[in-house]
Amino acid sequence: MANENNFAELIAHCKEYGYIFQSSEIYDGLAAVYDYGQNGAQLKKNIRDYWWKSMTQLHDNIVGIDAAIFMHPTTWKASGHVDNFSDPMIDNKDSNKRYRVDHLIEGFAEEQKAAGKEQLAEEILNSMDALLAKDDFAGLKQLIDDNKIKCAISKTCNWTEVRQFNLMFSTQFGATAEAENIVYLRPETAQGIFVNFLNVQKTGRMKIPFGIAQTGKAFRNEIVARQFIFRMREFEQMEMQFFIRPGSQMEWYNFWKAERKKWHQSIGIPVEKLRFHDHVKLAHYADAAVDIEFEFPFGWKELEGIHSRTDFDLKQHQEYSKKKIQYFDNDLDENGKAYGNYTPYVVETSVGLDRLFLTILSLAYQEEKWNKEDGTEDSRVVLKIPAKIAPTKLAILPLLKRDGLPEIARELMNDCKQSFQCFYEEKDAIGKRYRRMDAIGTPFCVTIDHQTKEDNTVTIRYRDTMVQERVALADVKKLVEEKIK
Ligand code: ATP
């Protein structure tokens, strides 16, 4: 797995092998915006498809939608984002650098820890949590002053007051630049689900409890955007809102907590690299919230959020739209009385696709060294991406460009490409081609050689073990299909 020391190598590897490029790189890039290359786009799609299938196909009470990025501006008034979607920030007057207050203090606490002052670091973090929970900005400023926290650039303590900055991007809708034409780029996909609650419930004749899932782009004007694709200004979320009876939220909250952790394990994340972190400060809409954290190369960080959102969102949209948003439940309670009309409660699961991508690549990235039989050292960089989500499943490699070997290889390619992603290559020595496939993360390579012409067998090579074995040409497709199931 990638660690703190080789994280820069992982980033370089992503670029070299067509996974991730900086956006508009020829113009020196755009901060915290990234493009996915030919392998990255396929891996991202495979992760998204895996999530989509587990949510919609494997749960008969969850359906998927695809709402627009632009939404009526009142949506964001109702959801609370116009008034509340902000982070406390502070500026250094000498460097003009802006910091998220929690990041500035956390960074300082990390330095104390590294210097052996664990207790002080703990005290500072506890004070910060308590002050953030009370929105006590003067107290946060005092904490920064008392600890003489310095700006990394100017090295001074010359700070402004702590202020709130809204993270939503806005743009003009239509031809005229009037205030009422301002629309926002959605900062979360969830609201597209809430405003469609009645549409989906009625047209799908959905019965509570049921869920609506969605994947799509979200945009946040993150002030401190760093750590590669961990914190981006344009990113993708995979969210599911589960609509339930009021009062049953803790039961479902615990259900989805366990379910989502299991799901992350099913995609190859070891359990010891996952942990729950309860929120100290609850968002304005939540009565319980937890993060599933992953141990990234730069420390434990949020991968997914699970939030019990109460009936806040639906009630707010009802109030702002003046349309009744309720559900009629004709099931009977334990006293034999129908539950009747109510505003459903919601438990949300929200995972960042890009963060999940980074999780999978961090785990997959391995620099391996070993001694060959002749005593010399050999090495490789390999991406051990689980076969079921790897961008390319099978590389088909004729040993030579002649003697009819490419024809056999092409035939195998034509047979397999309907079922899974294949890659064909006939250039370079076979060892070099294997290394390249290791670096891209292709789990299986098949080599067609002269023996193939004699007995219809091929060499299959397994990426993770580098073991090679001879199998029947006719069995290759079935063999790969079984491994990627
Ligand atoms: P953080 O505390 O890291 O800013 P958050 O609590 O604001 O995250 P949520 O609003 O709960 O995040 O969003 C749900 C998920 O969306 C997160 O768990 C994360 O995976 C993803 N996400 C949020 N912001 C970003 C971002 N700027 N870049 C990439 N992914 C993001």
Side-chain angles (χ1 to χ4, degrees), residues 20 23 30-36 40 44 47-48 51 76 79-81 84-89 99-103 105-106 128-129 132-133 164-169 185-193 213-241 253 256-257 260-261 263-264 267 269 274-286 288-294 296 298-309 312-313 346-362:
I20 298 171
S23 157
L30 187 64
V33 185
Y34 290 90
D35 296 340
Y36 286 82
K44 198 173 166 199
I47 302 172
R48 190 194 297 113
W51 181 91
W76 305 110
S79 68
H81 282 81
N84 292 316
F85 194 56
S86 45
D87 279 334
M89 305 283 178
Y99 293 85
R100 242 175 82 171
V101 166
D102 55 337
H103 288 168
I105 298 174
E106 276 167 8
M128 178 186 82
D129 283 344
L132 281 172
Q164 291 279 49
F165 285 86
N166 197 291
L167 300 182
M168 279 199 293
F169 284 102
L185 297 186
R186 65 180 178 198
E188 62 175 26
T189 58
Q191 298 305 324
I193 294 179
Q214 163 163 240
T215 71
K217 288 278 174 120
F219 304 82
R220 295 181 187 179
N221 196 4
E222 301 279 5
I223 300 301
V224 184
R226 51 178 182 185
Q227 286 150 344
F228 195 34
I229 56 168
F230 178 80
R231 192 174 298 287
M232 302 155 91
R233 297 205 165 102
E234 172 178 342
F235 57 100
E236 195 164 335
Q237 289 185 315
M238 305 193 289
E239 298 199 299
M240 194 277 300
Q241 312 294 322
Y253 175 71
W256 282 110
K257 247 176 93 168
R260 293 302 302 150
K261 192 165 172 211
W263 184 86
H264 287 293
I267 205 166
I269 308 177
L274 293 167
R275 73 176 187 196
F276 289 121
H277 172 80
D278 288 312
H279 282 208
V280 182
K281 184 187 175 197
L282 291 174
H284 57 276
Y285 51 75
V290 66
D291 295 338
I292 298 180
E293 292 188 337
F294 170 70
F296 285 94
F298 37 82
W300 287 96
K301 301 269 178 209
E302 172 176 348
L303 171 61
E304 169 154 5
I306 298 169
H307 310 126
S308 172
R309 289 183 82 126
F312 176 84
D313 300 271
V346 172
V347 171
E348 158 185 85
T349 71
S350 173
V351 60
L353 177 50
D354 313 87
R355 280 193 195 175
L356 195 51
F357 185 108
L358 183 58
T359 300
I360 286 160
L361 273 199
S362 308

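Numbering of ligands and ligand atoms starts at 1, following listing order. For clarity, every value in this text was computed on a predicted model and none was experimentally measured.
If you check the side chains of Asp354 and Tyr34, you find no donor sitting under 3.5 Å from an acceptor.
With respect to atom 4 (O) of ligand 1, the closest heavy atom belonging to the protein is Arg231 NH1, 2.7 Å. Looking from atom 21 (C) of ligand 1 to the surrounding protein, the closest heavy atom is Gly352 CA, 3.7 Å. For atom 28 (N) of ligand 1, the nearest protein heavy atom (residue, atom name, distance) is Met232 N, 2.9 Å. The nearest protein atom to atom 13 (O) of ligand 1, hydrogens excluded, is given as Gln237 NE2, 3.4 Å; this is a heavy-atom distance. The single protein non-hydrogen atom nearest to atom 22 (N) of ligand 1 is Phe235 CE1, 3.5 Å, given as residue, atom name and distance.
Closest approach of Phe357 and Gly40 over heavy atoms only: CE1-O, 3.3 Å. The two residues Glu302 and Phe230 make their nearest non-hydrogen contact at O-CE1, 3.6 Å.
No donor-acceptor distance shorter than 3.5 angstrom exists from the side chain of Gln237 to the backbone of Lys217, with no hydrogens or angles considered. Between the side chain of Glu304 and the main chain of Ile292, no donor-acceptor pair closer than 3.5 Å is present. Between the side chain of Asp87 and the backbone N or O of Asn166 there is no donor-acceptor pair closer than 3.5 Å.
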Apply side-chain contact (heavy atoms from CB on, under 4.5 Å) to Asp313 and Val346, showing your working. CA-CA 9 Å; Asp313 300 271; Val346 172; 5.8 Å; no

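Cation-pi geometry between Arg186 and Phe219 is not satisfied (NZ or CZ under 6.0 Å from the ring centre, within 45° of the ring normal).
Considering backbone and side-chain N/O atoms, Ile229 never comes within less than 3.5 Å of an N/O atom of ligand 1. Looking at Arg220 next to ligand 1, an N or O pair under 3.5 Å apart turns up.
Considering Leu303, Leu358, Val351 only, the shortest heavy-atom separation from atom 20 (O) of ligand 1 involves Leu303. For atom 5 (P) of ligand 1, the candidate residues are Arg355, Glu348, Glu302; the nearest heavy-atom contact is made by Glu302.
Leu353 has its side chain out of reach of Trp51: every pair of non-hydrogen atoms, C-beta onward, lies at least 4.5 Å apart.
Heavy-atom contacts of Gly305 reach the following atoms of ligand 1: 18 (O) (cutoff under 4.0 Å). Close approach to Glu222 involves these atoms of ligand 1, each under 4.0 Å from a residue heavy atom: 24 (N), 26 (C), 27 (N). Near Ser350, meaning under 4.0 Å from any of its heavy atoms, are these atoms of ligand 1: 13 (O), 14 (C), 15 (C), 18 (O). Below 4.0 Å from some heavy atom of Phe230 lie the following atoms of ligand 1, by number and element: 28 (N), 29 (C), 30 (N). Close approach of ligand 1 to Glu304 (heavy-atom distance below 4.0 Å) involves ligand atoms 18 (O).
Ligand 1 is approached by His307 to a heavy-atom distance shorter than 4.0 Å.
In this structure, Ile47 CD1 and Thr215 OG1 are separated by 12.0 Å, a value rounded to the nearest 0.5 Å.
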